[in-house]
Amino acid sequence: MKRREFSAATAAVLGTTALGFPGLVLAQARAPQEGKDFRALEKRATVEAPAGKIEVVEFFWYSCPHCNSFEPRLNAWLKKAPADVAFRRVPVAFRDDFVPQQRLYYALEAMGKLDELHGKVFQDIHVNRLPTSKEDQILAFVEKNGVDKAKFQEQYNSFAVSTKARRARQLQDAYVVDGVPAMGVAGRYYVDGDLAGNMDRALQVVDYLIAEARKSK
């Protein structure tokens with residue numbers, strides 16, 4: 001989903017164009033090309049990966065239907081990711097009203113609840129059709145899923161979570177994220193479904209960029 005398309009009305013009717021159809025582009029057996037399949041950053045972005053690791057970032061938004069559709073494919077890719085890859089998700093905030101979901105992500109992370117509830121957030125929004133984009137809705141969601149509401153709210157409004165949300169926005173700007181889902185590699189490369197043709201090929205491009213980053217370690 002492109003930045004210019006982010007509105008409640010658009011999100012309700014968007015199909016799977018950004019994800020594309022697997023096989024159409026995958027059939028094109030050619031090496032990824034800079035400027036066509038991916039973009040090299042003019043200035044390197046900050047990475048948090050430990051020394052010797054190659055950082056891969058997924059930029060996402062919980063309310064994005066394309067991110068929801070991409071999640072199973074990303075999880076399958078992660079199971080096969082090379083040992084020298086350090087992966088992290090970064091929730092975007094193209095507008096101020098995205099920030100509550102950024103705080104949701106980082107508060108769940110702080111409480112050690114991401115593995116348990118990350119997928120359930122997508123399910124509540126896209127399957128159960130329950131809005132989860134404002135603080136009161138988010139608090140209802142975590143309480144329903146057995147999380148201590150008071151402790152979560154403390155994390156949600158904490159300085160640490162605010163700092164992580166601010167840094168997430170800075171990173172999306174450093175990568176010049178044009179839409180989600182999108183991937184960043186090693187603080188140097190950016191790829192999304194538009195550049196690669198679809199998100200299946202985007203993951204292939206990520207594999208290629210990991211290999212390129214490995215050469216220059």
Side-chain angles (χ1 to χ4, degrees), residues 1 3 5-14 18-19 46 48-49 55-79 81 86-173 175 177 179-184 199:
M1 183 182 289
R3 294 184 74 149
E5 296 173 343
F6 282 100
S7 70
T10 307
V13 298
L14 275 170
L19 290 174
T46 303
E48 294 184 0
E55 182 170 270
V56 174
V57 178
E58 184 220 8
F59 295 96
F60 78 99
W61 177 44
Y62 276 125
S63 292
C64 167
H66 302 315
C67 298
N68 178 56
S69 297
F70 180 53
E71 189 71 9
R73 303 180 209 187
L74 176 61
N75 287 334
W77 179 86
L78 285 171
K79 290 177 182 177
F87 174 79
R88 63 179 170 128
R89 290 179 169 89
V90 172
V92 299
F94 294 144
R95 301 189 310 251
D96 288 344
D97 58 349
F98 284 34
V99 174
Q101 288 188 347
Q102 282 186 312
R103 288 177 174 269
L104 164 61
Y105 179 86
Y106 288 119
L108 290 176
E109 180 183 63
M111 296 182 73
K113 295 289 185 178
L114 263 183
D115 288 347
E116 178 186 349
L117 296 180
H118 178 70
K120 288 185 177 181
V121 179
F122 279 117
Q123 183 177 19
D124 242 32
I125 295 169
H126 300 283
V127 178
N128 301 331
R129 302 297 179 185
L130 296 174
T132 313
S133 57
K134 297 179 180 178
E135 183 172 352
D136 59 335
Q137 298 166 344
I138 288 168
L139 291 174
F141 166 81
V142 297
E143 189 172 34
K144 177 182 70 177
N145 283 280
V147 177
D148 186 299
K149 181 179 174 180
K151 289 181 180 178
F152 175 87
Q153 193 168 22
E154 182 180 354
Q155 288 292 341
Y156 180 89
N157 292 309
S158 68
F159 177 76
V161 164
S162 296
T163 299
K164 286 191 172 185
R166 184 178 68 252
R167 287 177 178 170
R169 204 160 189 168
Q170 291 171 345
L171 191 66
Q172 89 182 31
D173 291 341
Y175 270 102
V177 177
V180 286
M183 308 286 285
M199 287 307 296

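We use all heavy atoms of the structure for the numbers below, so side chains are in, but hydrogens, waters and symmetry mates are not. The residues of the chain are indexed from 1 along the displayed sequence.
- Using modelled atom types and a 3.5 Å distance limit, the side chains of Tyr62 and His118 yield a donor-acceptor pair.
- Taking 4.5 Å as the limit, every side-chain heavy atom of Trp77 sits out of range of all side-chain heavy atoms of Phe70.
- Listed here is the closest heavy atom pair of Gly184 and Tyr175: CA-CE2, 3.4 Å.
- Proximity of Phe94 to Gln172: side-chain heavy atoms (C-beta onward) are separated by under 4.5 Å at one or more points.
- With rounding to the nearest 0.5 angstrom, the OH atom of Tyr105 is 12.5 Å from the CG atom of Leu117.
- Between the side chains of Arg167 and Thr46, no donor N or O sits under 3.5 Å from an acceptor N or O.
- Looking at heavy atoms from C-beta onward, Asn68 lies out of side-chain contact with Ile125 at the 4.5 angstrom threshold.
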Note to self: Determine whether Lys113 and Glu116 satisfy the following criterion, salt bridge (Lys or Arg N to Asp or Glu O under 4.0 Å), listing intermediate values before the conclusion.
What the structure shows: CA-CA 5 Å; Lys113 295 289 185 178; Glu116 178 186 349; 3.6 Å; yes

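- Remark: Leu104 CG to Ser133 OG distance equals 10.5 Å, nearest 0.5 Å.
- Looking only at atom types and distance, the side chain of Ser63 has a donor-acceptor partner in the side chain of Gln101 under 3.5 Å away.
- Taking the side chain as every heavy atom from C-beta outward, Val57 and Arg89 never approach each other to under 4.5 Å.
- The backbone N or O of Ala86 lies less than 3.5 Å from no partner atom in the side chain of Glu55, so there is not a single donor-acceptor pair.
- The nearest pair of heavy atoms linking Arg169 to Gln102 is N-NE2, 4.1 Å.
- The heavy-atom pair separating Pro181 from Cys67 by the smallest distance is N-SG, 3.6 Å.
- Glu58 contributes atom CD, which lies 5.0 Å from atom CZ of Phe87 (distance to the nearest 0.5 angstrom).
- Side-chain atoms of Glu109 and Gln155 include no donor-acceptor pair closer than 3.5 Å.
- Applying the 6.0 Å contact sphere to CD of Glu135 captures more than 12 heavy atoms from other residues, nucleotides or ligands.
- Scanning both residues, Phe152 and Met111, for their nearest heavy atoms gives CA-SD, 3.5 Å.
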Notebook entry, point to check: Going through the checks in order, is the side-chain contact (heavy atoms from CB on, under 4.5 Å) test met by Ser69 and His126?
Noted result: CA-CA 10 Å; Ser69 297; His126 300 283; over 6 Å; no

Next item on the list: For the pair Leu108 and Arg103, evaluate side-chain contact (heavy atoms from CB on, under 4.5 Å) and give the outcome as yes or no after the intermediate values.
Entry: CA-CA 8 Å; Leu108 290 176; Arg103 288 177 174 269; over 6 Å; no

Margin query: I'd like to know whether Asp136 forms a salt bridge (Lys or Arg N to Asp or Glu O under 4.0 Å) with Lys134, so could you lay out the CA-CA distance, the side-chain angles of the two residues, the decisive distance to 0.1 Å, and finally the verdict.
Written below: CA-CA 6 Å; Asp136 59 335; Lys134 297 179 180 178; over 6 Å; no

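- Around CG of Asn128, the count of heavy atoms belonging to other residues, nucleotides or ligands within 6.0 Å exceeds 12.
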Item checked: Step-by-step salt bridge (Lys or Arg N to Asp or Glu O under 4.0 Å) determination, Asp124 to Lys144 -> CA-CA 11 Å; Asp124 242 32; Lys144 177 182 70 177; 2.8 Å; yes

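- Two residues are said to be in side-chain contact when any heavy atoms from C-beta on lie closer than 4.5 Å; Asn145 and Lys120 meet this criterion.
- Of all the heavy atoms in Val180 and His66, the pair that sits closest is O-CB, 4.2 Å.
- The side-chain heavy atoms of Leu130 and Phe141, taken from C-beta on, include no pair separated by under 4.5 Å.
- Within the 4.5 Å cutoff, the side chain of Pro100 has heavy atoms near those of the Tyr156 side chain.
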Item checked: Verdict with supporting geometry, Leu78 and Leu74, side-chain contact (heavy atoms from CB on, under 4.5 Å) -> CA-CA 6 Å; Leu78 285 171; Leu74 176 61; 4.3 Å; yes

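- Residue Phe59 comes nearest to Val92 through the heavy atom pair CB-CG1, 3.8 Å, listed as atom of the first residue, atom of the second, then distance.
- In this structure, the side chain of Glu154 does not engage the main chain of Ala150 through any donor-acceptor pair within 3.5 Å.
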